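Working notes, beginning with the structure itself.
The chains referred to below are lettered A, B, ... by the order of the sequence lines, with proteins before strands, and numbering in each begins at 1. Computed from heavy atoms alone, side chains included, the values below leave out hydrogens, waters and symmetry copies. Predicted model only: the values in this text are computed from it and were never measured.
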Amino acid sequence: MSYTELSEQEQLRRKSLEEIKKLGINPYPAKKYDVTAYSKDIKENYDDEKKNFQNISIAGRIMTRRIMGKAAFAELQDSKGKIQVYISRDDICPGEDKTLYNTVFKKLLDLGDIIGVKGNVFITKTGEITVKAKELTVLTKSVRPLPVVKEKDGKIYDAFSDPEQRYRMRYLDLIVNPHVKETFINRTKLTNSMREYLNTKGYLEVETPILQPIYGGAAARPFKTHHNALNQTLYLRIANELYLKRLIVGGFDGVYEFSKDFRNEGMDRFHNPEFTQMELYVAYKDYFWMMDTVEEMVEKIALDIHGTTKVQVGKNTIDFKRPWKRYTMFEAIEHFTGIDISEMEEEELRETAEKLGIETDKSMGKGKLIDEIFGEKCEAQLIQPTFITDYPVEMSPLAKKHRSKDGLVERFEAICNGKEICNAYSELNDPIDQRERFEEQLLLAQRGDDEAMMLDEDFLKAIDYGMPPTSGLGIGIDRLTMIMTNSDSIQDVLFFPQMRPEKKIQIDSADKYTEKGIPEEWVTLIQKLGFKTVESLKNAKPGKLFNDLCGLNKKGKLGLKNPSADDVKKWCE
RNA sequence: GACCUCUUAGCUCAGUCGGUAGAGCAACGGCCUUUUAAGCCGUGGGUCCUGCGUUCGAGUCGCAGAGGGGUCACCA
């Protein structure tokens with residue numbers, strides 16, 4: 001990056017950086033800085049009677065600054081929040097030399113710079129808890145201006161709100177928008193709480209392959225990659241179900257994994273190509289047991305994050321208090337449409353779906369039709385956490401057939417705020433049935449379903465040896481986090497959501513210009529005027545370019561020797 | 001992938017009927033020793049997303065493209 005390409009403010013900051021160095025101050029010191037107090041703790045615990053928090057050190061970013069002659073107030077932001085700092089010239093410069101205040105603090109430091117302050121806490125006349133600085137240390141000079149967000153009485157002015165910028169530069173979002181940090185802290189609280197719950201129950205956290213030779217455990221298009229040494233196609237996992245089941249075969253009673261999964265499908269506010277699921281498998285249990293477990297676990301999570309089971313999500317207050325409502329899928333459909341479809345065959349289902357205004361096509365079998373009706377007519381209306389049980393067998397090739405109802409499997413999903421948050425089964429452990437189900441999937445694939453599951457011989461082999469009756473669960477961590485943090489987009493609960501790359505403008509290097517006889521010192525100026533490649537100069541109007549270049553030279557006081565109009569004309573040929 | 005919509009200063013945004021761009025904050029120069037979005041006076045800062053077209057003249061109109069957001073489709 002050359003100097004003249006920088007904005008005015010960036011240039012000034014770089015100049016300040018040099019000035020600081022000239023004063024013998026290292027703007028990026030190597031030595032550790034001992035922080036002994038944090039903004040939030042000071043604000044919560046300072047007691048003016050006791051005069052605690054004396055001789056403390058804090059460190060953070062300068063967020064606002066108000067300078068009044070020999071004294072100044074600054075707001076410092078550390079990892080926990082903001083606190084005001086009072087800096088008076090004669091406190092930080094007790095001797096004759098007032099450079100640290102007059103020059104360094106007043107002139108050379110900017111908003112966004114990171115400093116350390118040592119001093120005593122007191123309360124100002126206006127009642128604000130403030131650190132009175134005795135020492136000030138420059139810890140990091142920032143050479144790019146921060147977006148400026150102002151706040152008064154909890155009201156935000158000029159918020160840094162462009163979603164593109166916020167997601168591409170999440171670090172800025174985190175600095176400037178405090179609620180963002182809160183969301184991500186709560187995300188980690190959520191996984192910690194869940195992990196704690198599972199560990200207390202004695203289940204083992206494990207890790208299984210992300211690169212898989214055969215993708216399985218869900219219906220989705222995968223990301224495909226290639227391993228050179230093995231000369232083999234590998235897929236990024238879409239789920240880890242089949243590996244965790246192998247571990248149950250291997251004799252573990254309960255295993256779980258927080259699993260980054262990858263699905264090569266559309267993106268919207270509920271979908272990101274990589275996302276996180278927690279999958280849990282417990283031997284000798286069934287799906288009724290698993291419903292109790294999910295209720296208990298999610299209730300605990302709500303309590304750990306919010307201290308209550310009630311969570312505000314948009315306009316809705318969602319109460320995770322046990323027990324949750326339970327519907328079979330047929331009951332739910334009857335409840336919301338008034339139609340009992342439990343005895344219907346494929347043709348009648350198709351007609352019913354059409355009557356309800358749902359588009360159908362020939363590739364849709366019985367199970368898919370039922371699923372569509374449910375998805376269209378019921379799901380969005382389920383706001384309070386609700387279990388939907390007993391799904392059609394066609395949609396669930398890894399779930400055990402229902403103990404008493406033909407054509408159904410022992411499966412449930414928990415729906416909350418109109419969206420699925422988890423999916424669980426009594427796992428299919430009959431190896432013969434499992435093989436047949438995979439073969440049905442192959443037929444579906446031939447019928448044109450490009451998300452049908454692949455047949456995994458190695459997994460079938462494992463099941464042949466005998467997997468105990470097992471209940472399994474997959475719970476969407478991003479979705480659950482969205483609900484628990486009142487976020488309406490998945491991008492708000494992922495630090496770095498997937499984005500298209502920013503377009504790079506093609507820029508020629510300086511030697512391409514010098515080859516044409518253009519002096520090197522003019523190259524950055526020419527580029528600043530929009531001619532990023534030598535080729536593009538052919539489109540330039542030489543007279544205008546000549547004027548512009550001399551203008552920049554004069555305006556920027558660069559002291560370069562102006563080229564002649566003829567020189568410039570030659571450059572443009 | 002389709003449709004709708006947005007893109008102007010470091011940030012948030014105005015910009016009328018087509019006439020070479022404005023505000024607040026931030027920055028810079030002043031005044032000011034406890035301010036509360038501190039204030040007051042002054043100054044600088046722009047590839048109006050990109051390209052092409054219409055026009056004497058385009059931030060503004062048309063077409064194409066890029067990126068973002070929303071809705072739909074697919075999915076969790």
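Distance noted for atom P between B:G15 and B:A23: 15 Å (whole Å). The separation of B:C61 from B:G19, taken at their P atoms, amounts to 11 Å, rounded to a whole angstrom. For the P atoms, the distance linking B:G59 with B:U50 amounts to 10 Å, nearest Å. Rounded to the nearest Å, the gap between the P atom of B:C28 and that of B:U71 is 42 Å. The gap from the P atom of B:A14 to that of B:G24 amounts to 16 Å, rounded to the nearest Å. Taking atom C1' on both B:C49 and B:A9, the two are 15 Å apart, rounded to the nearest angstrom.
Side chain of A:E413 to backbone of A:I421: no donor-acceptor contact under 3.5 angstrom is found. For A:R411 (side chain) and A:V393 (main-chain N/O), no donor-acceptor pair under 3.5 Å exists by modelled atom type. Side-chain atoms of A:E265 come within 3.5 Å of backbone N or O of A:R221 as a donor-acceptor pair.
No contact: A:F262 has no heavy atom under 4.0 Å from any strand. Heavy atoms of A:T64 sit nowhere under 4.0 angstrom from any nucleic acid atom. Among the heavy atoms of the strands, none lies under 4.0 Å from A:Q277. Among the protein residues, A:K260 comes within range of no part of the nucleic acid, since none of its heavy atoms lies under 4.0 Å from any strand. Within 4.0 Å (heavy atoms only), A:D261 reaches no atom of the nucleic acid at all. At a threshold of 4.0 angstrom between heavy atoms, the contacts of A:E420 are confined to the sugar-phosphate backbone, with no base atom among them. The residue A:G476 sits apart from the nucleic acid: no heavy atom pair falls under 4.0 Å. Among the protein residues, A:R269 comes within range of the sugar-phosphate backbone only, with heavy atoms under 4.0 Å from sugar or phosphate atoms but none that close to a base. A:E413 comes within 4.0 angstrom of nothing in the nucleic acid, heavy atoms only. Within 4.0 Å of A:I421, counting heavy atoms only, lies no atom of the nucleic acid at all.
A:R65 has no side-chain polar atom (N or O) that falls below the 4.0 Å cut-off from OP1 or OP2 of B:A38. Using a 4.0 Å cut-off, some side-chain N or O of A:R500 falls inside it from OP1 or OP2 of B:G68. Here A:Q11 does not reach the OP1 or OP2 of B:A27: none of its side-chain N or O atoms lies under 4.0 Å away. Contact between the side-chain N/O atoms of A:R13 and the OP1/OP2 oxygens of B:G10 is not found at any separation under 4.0 Å. Phosphate contact (OP1/OP2 of B:U34, side-chain N/O of A:Q84, threshold under 4.0 Å): absent.
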Close N/O contacts between protein and nucleotides 22-25 of chain B (under 3.5 Å):
unit_1: B:G24; atom_1: N2; unit_2: A:D158; atom_2: OD2; d: 2.9

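Counting distance only, with no hydrogens placed and no angle test, the side-chain atoms of A:E8 and the base atoms of B:G44 include a donor-acceptor pair under 3.5 Å. For A:D162 and B:C13, a side-chain-to-base donor-acceptor distance below 3.5 Å is absent, hydrogens and geometry of angles not being considered.
Remark: A:M482 CE to A:L494 CG distance equals 9.5 Å, nearest 0.5 Å.
For A:K107, the side-chain atoms get nearest to B:G29 when compared with the rest of B:G29, B:U33, B:U35. In the set B:A38, B:A73, B:U34, B:A38 carries the atom at the smallest distance from any side-chain atom of A:R66. Between B:G68, B:C11, B:C32, one nucleotide has an atom nearer to the side chain of A:M499 than all others, and that is B:G68.
More than 12 non-hydrogen atoms from other residues, nucleotides or ligands lie less than 6.0 angstrom from NZ of A:K366.
Ion pairing between A:K40 and A:D78 fails under the 4.0 Å rule for side-chain N and carboxylate O.
A residue-by-residue look at A:Q9 and A:F275 shows that A:Q9 has its nearest nucleotide of RNA chain B further toward the 5' end.
For A:F495 and A:F184, the ring centers sit closer than 6.0 Å to each other.
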Steps toward ring pair (Phe, Tyr, Trp, His ring centres under 6.0 Å) verdict (A:F387, A:F412): CA-CA 6 Å; A:F387 289 117; A:F412 72 84; 5.1 Å; yes
